[in-house]
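Every chain is numbered from 1 and lettered A, B, ... according to where its sequence line falls, protein lines coming before strand lines. Since this is a predicted model, take the numbers as computed values, not measurements.
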Protein chains: 2
Amino acid sequence: MKGAPVQRRRTRQRAAIRAALEAARRPLSVAEILELARRQVRGLGIATVYRAVAAMLEEGFLTPVEISGEALRYEVAGRGHHHHFRCRRCGRVFEMEGCVPEVELLAPPGFLPECHEILLSGLCRECNKGLSR
Amino acid sequence: MKGAPVQRRRTRQRAAIRAALEAARRPLSVAEILELARRQVRGLGIATVYRAVAAMLEEGFLTPVEISGEALRYEVAGRGHHHHFRCRRCGRVFEMEGCVPEVELLAPPGFLPECHEILLSGLCRECNKGLSR
DNA sequence: ATCAATGCAAAGTCTTTGCAATAGG
DNA sequence: CCTATTGCAAAGACTTTGCATTGAT
């Protein structure tokens with residue numbers, strides 16, 4: 001159901017968007033991407049970000065990270081299985097390594113778990129430090 | 001900063017909304033609440049659902065359940081700590097008992113986890129049964 | 001020279017708000 | 001009666017789409 005792979009073109013906009021996502025090392029929302037990428041491409045339009053993100057998701061460069069109610073975020077794909085930590089103070093979302101596969105044992109009888117997501121919330125290092133001293 | 005507790009009134013609309021949430025035994029989205037509650041109160045407006053949900057959140061009757069990207073859902077509060085299972089086939093979200101507190105050990109050094117969410121995805125009992133036979 | 005990609009503005013969604021009418025206490 | 005609540009419609013916030021123009025190849 002998927003036509004030709006569509007030939008992409010390298011544009012300043014998409015390069016900036018890609019760079020922002022790679023540099024961030026954490027999931028970014030469209031608004032965050034726009035803000036960061038605009039530093040390199042002034043006048044960058046929000047629609048362009050949405051379209052670029054859609055294209056990058058399609059090509060598999062990005063993966064959606066859907067954090068609780070908040071705006072959908074995107075991160076560079078292929079970083080392997082991992083989870084996230086959201087800081088309740090600064091609102092940023094960070095990647096965490098490691099996993100606790102046993103969580104799938106929580107599934108009720110008859111249910112078939114195929115994958116899982118773990119999200120911790122609290123204070124990130126910076127905010128934790130800032131408050132405690 | 002919170003004025004008087006505000007006196008609530010018992011209306012057919014809110015009763016229907018409350019009943020829908022209690023009967024469902026699982027987190028419902030605003031759209032789901034509207035659909036279910038309309039069976040009892042025809043002409044129920046979506047704005048009323050939003051306002052009722054907001055009021056119920058404020059009084060602590062409901063808790064928001066923010067499942068990955070999808071619409072925010074709400075469930076009756078006070079059922080104790082638990083997690084959720086989302087069926088990728090029928091889209092419903094179920095409650096799961098139990099917990100794996102060790103997940104908080106995943107937090108990076110310096111980070112202070114305060115709470116966590118675990119979401120399993122896969123097939124619910126009905127969908128799993130339906131497919132395997 | 002092509003046509004993918006862009007920027008702007010219009011169009012959609014979903015959620016919130018304004019307001020006159022309704023109805024609970 | 002008083003005013004919280006409702007339903008409708010208008011207003012917002014966020015995302016998608018249409019289209020003429022730009023720019024990568």
Side-chain angles (χ1 to χ4, degrees), chain A residues 2-21 27-74 91 93, chain B residues 2-21 27-74 91 93:
Chain A
K2 197 172 182 180
V6 181
Q7 65 171 20
R8 304 289 185 194
R9 289 176 181 177
R10 330 185 109 278
T11 65
R12 294 182 313 132
Q13 290 83 345
R14 294 199 178 186
I17 290 168
R18 177 176 291 244
L21 283 153
L28 300 179
S29 64
V30 169
E32 289 176 315
I33 296 170
L34 179 65
E35 187 189 328
L36 292 170
R38 261 190 177 156
R39 294 180 186 169
Q40 291 183 54
V41 180
R42 304 195 322 105
L44 176 63
I46 183 88
T48 297
V49 176
Y50 277 106
R51 278 183 288 225
V53 167
M56 292 174 183
L57 281 172
E58 201 176 291
E59 359 178 292
F61 173 67
L62 292 182
T63 314
V65 176
E66 310 164 319
I67 302 293
S68 307
E70 305 186 11
L72 205 47
R73 292 163 192 264
Y74 306 89
V93 174
Chain B
K2 199 171 182 181
V6 182
Q7 65 170 24
R8 305 288 185 194
R9 288 179 181 175
R10 332 185 106 279
T11 65
R12 295 184 312 134
Q13 290 84 343
R14 295 198 178 184
I17 290 169
R18 176 177 291 244
L21 284 154
L28 300 179
S29 64
V30 169
E32 289 176 315
I33 296 170
L34 179 65
E35 188 190 327
L36 292 170
R38 262 191 175 154
R39 294 179 186 169
Q40 291 183 54
V41 180
R42 305 197 320 106
L44 177 63
I46 183 90
T48 296
V49 175
Y50 277 106
R51 280 184 287 225
V53 167
M56 292 175 182
L57 282 172
E58 201 176 291
E59 351 176 299
F61 173 67
L62 293 182
T63 314
V65 176
E66 309 164 319
I67 301 293
S68 306
E70 304 184 14
L72 205 48
R73 293 163 192 264
Y74 306 89
V93 173

* Structure fact -> Residues at least two apart in sequence or cross-chain that pass side-chain contact (heavy atoms from CB on, under 4.5 Å) with B:Ala20, listed by chain then number, are B:Leu36

* Quick one: closest heavy-atom pair of A:Ile17 and A:Val49, and the distance? => CD1-CA, 3.9 Å

* In chain order, what residues pass the side-chain contact (heavy atoms from CB on, under 4.5 Å) check against A:Ala55, with sequence neighbours excluded? -> A:Arg8, A:Arg14

* Structure fact -> Residue pairs meeting salt bridge (Lys or Arg N to Asp or Glu O under 4.0 Å), one or both in residues 27-50 of chain A, sequence neighbours left out, come to A:Arg26-A:Glu32, A:Glu32-A:Arg73, A:Glu35-A:Arg39

Do any N or O atoms of the protein come closer than 3.5 Å to N or O atoms of nucleotides 18-22 of chain C, and which pairs are they?
residue : atom : partner : partner atom : Å
C:dG18  : O6   : B:Arg51 : NH1          : 3.2

* For DNA chain C, what residues of residues 27-38 of chain A have any heavy atom nearer than 4.0 Å? -> none

* Structure fact -> Rounded to whole Å, the CD-C1' distance (A:Glu59 to C:dA5) equals 13 Å

* Asked: Roughly how far, to the nearest 0.5 Å, is CG of B:Leu28 from CD1 of B:Ile33?
  -> 5.5 Å

* Structure fact -> Residue set satisfying side-chain contact (heavy atoms from CB on, under 4.5 Å) with A:Leu57, at least two apart, ordered chain then number -> A:Val53, A:Leu62, A:Pro64, A:Tyr74

* To do: Rounded to the nearest angstrom, tell me the gap between atom CE in B:Met56 and atom C1' in D:dT5.
  => 12 Å

* Structure fact -> When rounded to whole Å, the CD to C1' distance for the pair B:Gln7 and C:dG24 reads 9 Å

* Please list, by residue number, the residues of residues 9-20 of chain B whose heavy atoms come closer than 4.0 Å to an atom of DNA chain C; answer none if no residue qualifies. => B:Arg9, B:Arg10

* Take the protein atom OH of B:Tyr74 and the nucleotide atom C1' of C:dC14, then report the distance between them rounded to whole Å. => 11 Å

* Report the distance from atom CZ of B:Arg73 to atom P of C:dC14, rounded to the nearest whole Å. => 14 Å

* Spacing of B:Arg42 atom CZ relative to D:dG7 atom P, expressed in whole Å -> 12 Å

* To do: Mind checking salt bridge (charged side-chain N to carboxylate O under 4.0 Å, His left out) for B:Arg9 and listing every partner two or more places apart, or none if nothing turns up?
  => none

* Asked: Quick one: salt bridge (charged side-chain N to carboxylate O under 4.0 Å, His left out) partners of B:Arg18, sequence neighbours excluded?
  -> B:Glu59

* Where B:Val41 and B:Ala16 come nearest, the two heavy atoms and their spacing -> CG2-CB, 3.7 Å

* Asked: What is the nucleic acid contact for B:Leu44, judged by heavy atoms within less than 4.0 Å: base, sugar-phosphate only, or nothing?
  -> sugar-phosphate

* Side-chain N or O of B:Thr48 less than 4.0 angstrom from OP1 or OP2 on D:dG7? -> yes

